[in-house]
J.: 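Dumping the structure here so I can ask a few things about it.
Naming: A, B, ... by sequence-line order, numbering from 1 per chain. Scope of the values below: all heavy atoms of this structure, side chains included, with no hydrogens, waters or symmetry mates.
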Protein chains: 4
Amino acid sequence: MIIQLEKDLKEQYKQGIINKVISEGFTITEVKTQMAAYLICISKNNIDIRKIGSLPGVMDVHIISDSYQLVSAKWKLRPSSISVGDVQIGNTDFTIMAGPCAIENESQVWSIAKHLVDNGVQIMRGGVFKPRSSPYAFQGLGKEGLVMFYKICKQHGLKIISEVMEVDQIDQMCDLVDIFQVGARNSQNFNLLHALGKTDKPVLIKRGTSGTIDELLQSAEYVFSSGNEKLILCERGIRTFENASRNTFDINAIPILKKKSHLPVIADPSHGIGIREHVTAIALAAIVAGADGLIYEVHKNPEEALSDGQQTLSFNESATLLKKIGQLSHVFKLPI
Amino acid sequence: MIIQLEKDLKEQYKQGIINKVISEGFTITEVKTQMAAYLICISKNNIDIRKIGSLPGVMDVHIISDSYQLVSAKWKLRPSSISVGDVQIGNTDFTIMAGPCAIENESQVWSIAKHLVDNGVQIMRGGVFKPRSSPYAFQGLGKEGLVMFYKICKQHGLKIISEVMEVDQIDQMCDLVDIFQVGARNSQNFNLLHALGKTDKPVLIKRGTSGTIDELLQSAEYVFSSGNEKLILCERGIRTFENASRNTFDINAIPILKKKSHLPVIADPSHGIGIREHVTAIALAAIVAGADGLIYEVHKNPEEALSDGQQTLSFNESATLLKKIGQLSHVFKLPI
Amino acid sequence: MIIQLEKDLKEQYKQGIINKVISEGFTITEVKTQMAAYLICISKNNIDIRKIGSLPGVMDVHIISDSYQLVSAKWKLRPSSISVGDVQIGNTDFTIMAGPCAIENESQVWSIAKHLVDNGVQIMRGGVFKPRSSPYAFQGLGKEGLVMFYKICKQHGLKIISEVMEVDQIDQMCDLVDIFQVGARNSQNFNLLHALGKTDKPVLIKRGTSGTIDELLQSAEYVFSSGNEKLILCERGIRTFENASRNTFDINAIPILKKKSHLPVIADPSHGIGIREHVTAIALAAIVAGADGLIYEVHKNPEEALSDGQQTLSFNESATLLKKIGQLSHVFKLPI
Amino acid sequence: MIIQLEKDLKEQYKQGIINKVISEGFTITEVKTQMAAYLICISKNNIDIRKIGSLPGVMDVHIISDSYQLVSAKWKLRPSSISVGDVQIGNTDFTIMAGPCAIENESQVWSIAKHLVDNGVQIMRGGVFKPRSSPYAFQGLGKEGLVMFYKICKQHGLKIISEVMEVDQIDQMCDLVDIFQVGARNSQNFNLLHALGKTDKPVLIKRGTSGTIDELLQSAEYVFSSGNEKLILCERGIRTFENASRNTFDINAIPILKKKSHLPVIADPSHGIGIREHVTAIALAAIVAGADGLIYEVHKNPEEALSDGQQTLSFNESATLLKKIGQLSHVFKLPI
């Protein structure tokens, strides 16, 4: 059960509500976000919602039987819209994020930034802390690389999304990124999610390689319930028995997530299929299935990229994709 | 290695080619289809292709290293087009097949047939032999139901696709269907596939619930190498850990199959997600990803369908889907 | 609901029971096996079991809410024991079946038969109809091979288990095998299962590559409800994302199947891991987990086997495995 | 390629080796553990190993083509033995770790500690930082609970293994635990693994829910290459399509891990099957398959446990399991 509290509610009224709810056998988690205050009340008992709704200080009450509460579409019927400066994500907007897998050097960033600006993309992706299966693989340029990335993006008027792998990195990164990305391997790193709930920056959470749709929503619930409503979900393919593609892009997840949650849903076709020549097909499919945006990998010379080159678009391919998206948007109001 | 033989080749020339190939350490399978004659030659050795290409009677030779040969795009670069009477499937055409999960009674068939004709659909699906996990579930109306289904379709000028489960049923069904459907559970029923290779009717093969893309192509190879080139592949979702949907529709499989094979690829969004309200989203996504057509479930009263009602579209939903497909086709030449 | 009928019940009493059950809203399937007669009654309604139990002619009644009925342990608490001539499978017995993947030639069969007899194994496995992914791979020696296999086994006093792939093969094989094996790819070939229900020979059903435990039990239900109680279940590994082994042997399935069903459960460690040097470890693990027996692959020269050589034990390895099983049986009454 | 350096090697000799290796086109990672110093050299080139082996200061050189190096059995043929005070894990020893899922209160810990001591178990497990899918579920008693847990264990002469979820917790826990446990969800939390490489405490790494065997070994490589050789691998079940059990215990992983790596392999049958009545069967199977030990959940009143009660053994069940293990060890030298 979610109880939305009135704005600037006096402590005494809040305490009254809490006492009532506890007396009904619920345990309570108080949540205060950038936008509002909530009481999340969990119990195996049923309750007549009117008992709570009539209390002074209660703005609204919703019974939610899912394993997640605040991210559910059952209490917030209108899709959320996340502000990243002057860029909006979700609801009636469609947003592209693109860039290299890893930030490599100035000339690489500069060339890609220019490509994005030339094609109307407003958010640039790029990793400086790279989760790699092997300790001997390239681990990213770290903080220093991020400073360089930041400077070039500001010069181009681009927003930045970059992956955070560890609680300690949040402070290092906070002034240099516009959106924190939580990678698939950290999708259930609850300490990291909790800490990101204490920031005011939007957080994009990638679905775990073998994470269920419900687990992704519960991971988002961790951030929301820790105080940060600015959340974006990302489908990026799951691990199955099929080896013809790097992952199995779960196109079903897009309409299902949009139905279950009010949060925007972004698709990552690059990881979703992992095969460069088919990234465009999956990107367009994700849009038509209802995605609120895309995050994809692009590089001046995909063959020379330090990581993920086999799934990275060239500038030409990227421009063609963006043109096709434009055509689609004339038929379907995007997201459809 | 595939050797295409010249038309009406004299036996003595064929024998000369066979002798040469055997002397190079290959084992040979002779294939004669409706359209051409081939020698499929398997060996662990390499061979200089010119040794064969220069023999009298050889039209063309191709080395193919995949686990399938005749269905590979490596020797037949142009997409195949399958004729079903005056309807074409594949290459530059886009084809819709729709109808109920199971044929139930005359009025059901009549109402759906009318809906299809009114909306320009030319092929009707409907099962009379139903593979059901439980022996106590409705098993279909059998041959008698097929006769009724046939009569109504002929009256409406509709083609029929219906599932065959067993070698014995081929003869029973052959004059009453236009396309044989091989279900997901029979995707590796090699005796059935071999027997369907002896017919002259098109065969649509559904991917196995946990079948790989390569296994689907090998199953098609069984039919082709037994003499029947008229093949259609169908992606219908695979089994994964995710339970929020009935299956995980493998959107990746569509561009990958189109790249690997010259055969048309049809998408089944009904089984692919298994949730009625999301079937349209998956159908459109499949088209944009490159599918050559759709097969989906529609019923006058989905709630009352004897099977699969939860994934079956109503007439309104079906009409809306078909209208959206029309809009898409104005932007993208379909399949894109 | 399962109603067990009294032996040689007069038609009029049976009809009385049927009428009563139908009047309560159930649909009925009459089952007559080698051993007894049953009515399987399916409904969404509840019923007071005493209403049925008191009718003349009813021996016993059981409400079973699972998707399978006759194979459930809920009505037949004592494990079933299957007779194969003088060999017993299930309950307090432990049974080994071993032999080559495919029957290749007389000297191969002779050498393996001798190995089995020398080591106390009573049932020999060997395929003559081989389901192969590729139409160009060795497809088995067919009926002729089976006749040869049969003769050599009779000379050695060995029972035979061999795979049946197709309804037509049942008659061909019936006098030549002691146990029909249904392979993983035919685990949901319902026509085949139904036809095997009309024979009087024991049937071993392998779990499908991606078949659930419940689906395996439902497949067994097909055979049982068609008239054949002599059923053996076989765990042989499932398809997962892990590629370090051929399949993932689902050791959990053994105690779970034993709990859910009264049927004997046999383990196939050869397919279960697919790596020769580890087959023994998995075989022993399966026994300790409660398996009623093993079916494994053995060959005089595994390196030269026409199929599955990489998972086939040599005679030495096979003898060592059998010796270890003997040691285990001194500690644990097998199956434990 | 792994180069083992001689003990206390002079800097000048080390530099000579490094220069030589770099000149051959390798990149080098220097590793210094509690026990030895290594150079890990990665390249796509081949090298004649004798060029390196003959250099002064080189103790041994091994070419290893796997995606992991230091944890590979290819250079360290003898199984590793990890010391936890006077308890040894791996090689010829067999080790039991047992205890509750979560540390709840003093009387709970006291009762379980007594049960363990009475039955000869030397290591107690128990979580104080609990990774839970939902932010509203019990998250563990934290540091305070660990202090209490520590005191009671010391009074009973028990070692402690407990899960660490976050880099910051390492220092808090270091003096209070004997073995750090990395949970399935953190199996690819590379920052955590790297930080644990800087401690001198043994680390048990659980396989990720959908982690491959190779990924588990690469995760162990992270800890080893950061300086800590005291590593234990743990198979705890993987996520598959089968829902009859909580996870699919991958029994195959045990002999495969033992073959690929020199590290000890522990089995977690509680999570592996997730069904209390079958935990014993899986525990015994894991032992027979070659596990070096077990970690399982036990509680005075499993029904009242705050988490994982449905897979937790009672004292009676635990005592019976331990007795059966004793019987097994009389037949098989454990691990077999």
J.: Check each atom of E215(D) against the heavy atoms of chain C and say whether the ones under 4.5 Å are side chain, backbone, both or neither.
T.: neither
J.: Restricting to non-hydrogen atoms, name the atom on F241(C) and the atom on R207(D) that form the minimum distance, rounded to 0.1 Å.
T.: CE1-NH2, 4.4 Å
J.: For residues I213(D) and A244(C), report the shortest heavy-atom separation together with the two atoms involved.
T.: CD1-CB, 3.9 Å
J.: Above 12 or not: heavy atoms from other molecules or residues under 6.0 Å from NZ of K76(C)?
T.: yes
J.: Using a cut-off of under 4.5 Å for heavy-atom pairs, which of G211(D), G237(D), P255(D) has the most such pairs with chain C?
T.: P255(D)
J.: Quick check: closest heavy atoms across N252(C) and S245(D), and the distance to 0.1 Å?
T.: ND2-OG, 3.4 Å
J.: Just checking K74(C): does its NZ atom have more than 12 heavy atoms from other residues, nucleotides or ligands closer to it than 6.0 angstrom?
T.: yes
J.: If you compare all heavy atoms of A285(D) against all heavy atoms of V288(C), which two are closest, and at what distance to 0.1 Å?
T.: N-CG1, 3.8 Å
J.: Under 4.5 Å from any heavy atom of chain C, what part of I273(D) do you find: side chain, backbone, both or neither?
T.: both
J.: CD/E277(C) to NZ/K259(D) distance, rounded to the nearest 0.5 angstrom?
T.: 4.0 Å
J.: Using non-hydrogen atoms and a 4.5 Å limit, figure out which bit of I254(D) sits close to chain C: side chain, backbone, both or neither.
T.: neither
J.: Applying side chain to side chain contact (heavy atoms under 4.5 Å, CB included) between E242(C) and each of T240(D), D214(D), D250(D), report the one that passes.
T.: D250(D)
J.: So which part of I282(C) gets closer than 4.5 Å to some heavy atom of chain D, the side chain, the backbone, both or neither?
T.: side chain
J.: Side-chain contact, heavy-atom cut-off 4.5 Å: T212(C) with N243(D)?
T.: no
J.: Apply salt bridge (Lys or Arg N to Asp or Glu O under 4.0 Å) to R276(C) and list each qualifying residue two or more places apart in sequence or on a separate chain.
T.: E303(C), E317(C)
